[in-house]
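Working notes, structure below.
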Amino acid sequence: MSVDVTPYRRVGRLDGRCLCGRVQILVDGPHVAAVGACHCAMCRRWSGVVQGGFAVDPAGVTVTGAVATYASSKFAERAFCPTCGSHLWFRDTDGDADYEFAPGVFAAAADFPLISEIYIDRAPAYARLAGDHATATRAEYEARSLFVEGDDP
């Protein structure tokens with residue numbers, strides 16, 4: 001599954017915040033105004049349902065307030081507000097280090113379309129996503145993402 005994000009590339013400002021407001025996030029620059037969803041066990045445990053995200057180049061990101069991070073794998077970290085627990089982003093710690101922000105942090109992201117969904121064969125019955133978007137099963141995603149160590153149910 002390869003998704004062309006070119007039609008969704010935007011340059012502009014997005015203002016976001018955690019639930020309690022102690023963490024403020026400003027995106028001022030290039031970003032992908034579309035969401036990808038993941039149903040792997042790690043994302044389900046972290047989000048409670050399904051993890052969605054949209055990509056942002058780190059050069060345009062300003063974060064204000066205390067943020068806690070957790071190294072969730074050998075190649076990535078997840079960030080959250082240490083006060084209210086809102087999850088903020090997933091970020092590769094090697095490679096490009098783009099942010100994949102939780103869309104709920106930004107009010108404007110409510111208008112972003114869902115363009116991809118991975119681990120669809122792991123989606124729980126209560127979190128099936130409808131619509132016409134690119135999809136991949138666990139086997140399909142892990143076959144082309146060799147850095148992923150496998151989904152632990």
Side-chain angles (χ1 to χ4, degrees), residues 1-5 8 14 16-25 27 30-61 63 65-153:
M1 172 189 76
S2 178
V3 178
D4 179 13
V5 297
Y8 305 102
L14 297 170
R17 68 177 187 86
C18 66
L19 182 62
C20 71
R22 291 191 174 155
V23 177
Q24 303 283 321
I25 301 172
V27 171
H31 59 276
V32 175
V35 174
C38 181
H39 296 283
C40 77
M42 192 179 304
C43 285
R44 285 193 322 266
R45 284 187 184 106
W46 188 49
S47 69
V49 180
V50 59
Q51 176 56 37
F54 68 98
V56 177
D57 183 304
V61 175
V63 178
V67 172
T69 59
Y70 171 68
S72 58
S73 68
K74 293 179 184 176
F75 62 88
E77 70 179 14
R78 295 168 190 263
F80 58 94
C81 172
T83 301
C84 67
S86 294
H87 52 108
L88 305 170
W89 67 76
F90 170 90
R91 189 173 186 194
D92 286 347
T93 51
D94 58 357
D96 59 18
D98 280 358
Y99 288 89
E100 286 191 37
F101 281 111
V105 172
F106 299 89
D111 295 328
F112 292 3
L114 176 66
I115 61 168
S116 66
E117 183 180 8
I118 59 175
Y119 289 88
I120 60 168
D121 54 328
R122 297 300 196 113
Y126 59 81
R128 308 287 164 125
L129 303 177
D132 184 23
H133 53 272
T135 61
T137 64
R138 172 189 178 184
E140 291 166 340
Y141 181 72
E142 290 180 8
R144 71 171 188 285
S145 304
L146 300 178
F147 58 91
V148 176
E149 298 170 1
D151 189 35
D152 177 23

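Position 1 is the first residue of the sequence, and the numbers go up from there. Just so it is clear, the structure is predicted and the values come from calculations on it, not from any experiment.
With hydrogens and angles disregarded, a donor-acceptor distance shorter than 3.5 Å links the side chain of Arg44 to the backbone of Arg122. Listed for the Thr93 side chain is a donor-acceptor partner under 3.5 Å among the backbone atoms of Phe75. Remark: side-chain polar atoms of Asp121 are not paired, donor with acceptor, to backbone N or O of Thr137 under 3.5 angstrom. A distance-only check finds a donor-acceptor pair linking the side chain of Arg128 to the backbone of Ala123 [under 3.5 Å].
Put simply, OG on Ser145 and CZ on Arg138 are 12.5 Å apart, with the number rounded to the nearest 0.5 Å. The CG atom of Asp92 sits 9.5 Å away from atom CD of Glu77, with the distance rounded to the nearest 0.5 Å. Taking CG from Asp57 and NE2 from His31, the interatomic distance works out to 12.0 Å, rounded to the nearest 0.5 Å. Atom-to-atom distance recorded for Leu88:CG and Phe106:CZ is 8.5 Å, nearest 0.5 angstrom. Arg22 contributes atom CZ, which lies 11.5 Å from atom OG of Ser86 (distance to the nearest 0.5 angstrom). In this structure, the separation between CD on Glu100 and CZ on Phe90 is 6.0 Å, given to the nearest 0.5 Å.
Taking all atoms of both residues into account, the shortest heavy-atom contact from Val50 to Cys38 is CG2-O, 3.2 Å. Across all non-hydrogen atoms, the minimal contact from Pro58 to Arg91 is CB-NH2, 3.4 Å. Of all heavy-atom pairs spanning Val56 and Pro30, the tightest one is CG1-O, 3.9 Å. In this structure, Pro103 and Gly52 approach most closely via the heavy-atom pair CD-O, 3.2 Å. When all heavy atoms of Ala68 and Pro82 are compared, the closest pair comes out as N-CD, 3.9 Å.
In this structure, His87 and Ser47 have side chains that are in contact, with non-hydrogen atoms separated by less than 4.5 Å. Within the 4.5 Å cutoff, the side chain of Arg78 has heavy atoms near those of the Cys43 side chain.
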Task: Evaluation steps, ring pair (Phe, Tyr, Trp, His ring centres under 6.0 Å), between Tyr8 and Phe54 - done: CA-CA 10 Å; Tyr8 305 102; Phe54 68 98; over 10 Å; no

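Here Tyr99 pairs with Trp89, Phe101 under the ring pair (Phe, Tyr, Trp, His ring centres under 6.0 Å) rule; sequence neighbours left out.
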N/O donor-acceptor pairs under 3.5 Å from side chains in residues 109-119, not counting sequence neighbours:
from: Glu117; atom 1: OE1; to: His133; atom 2: NE2; distance (Å): 2.6
from: Glu117; atom 1: OE2; to: His39; atom 2: NE2; distance (Å): 2.6
from: Tyr119; atom 1: OH; to: Glu142; atom 2: OE2; distance (Å): 2.8

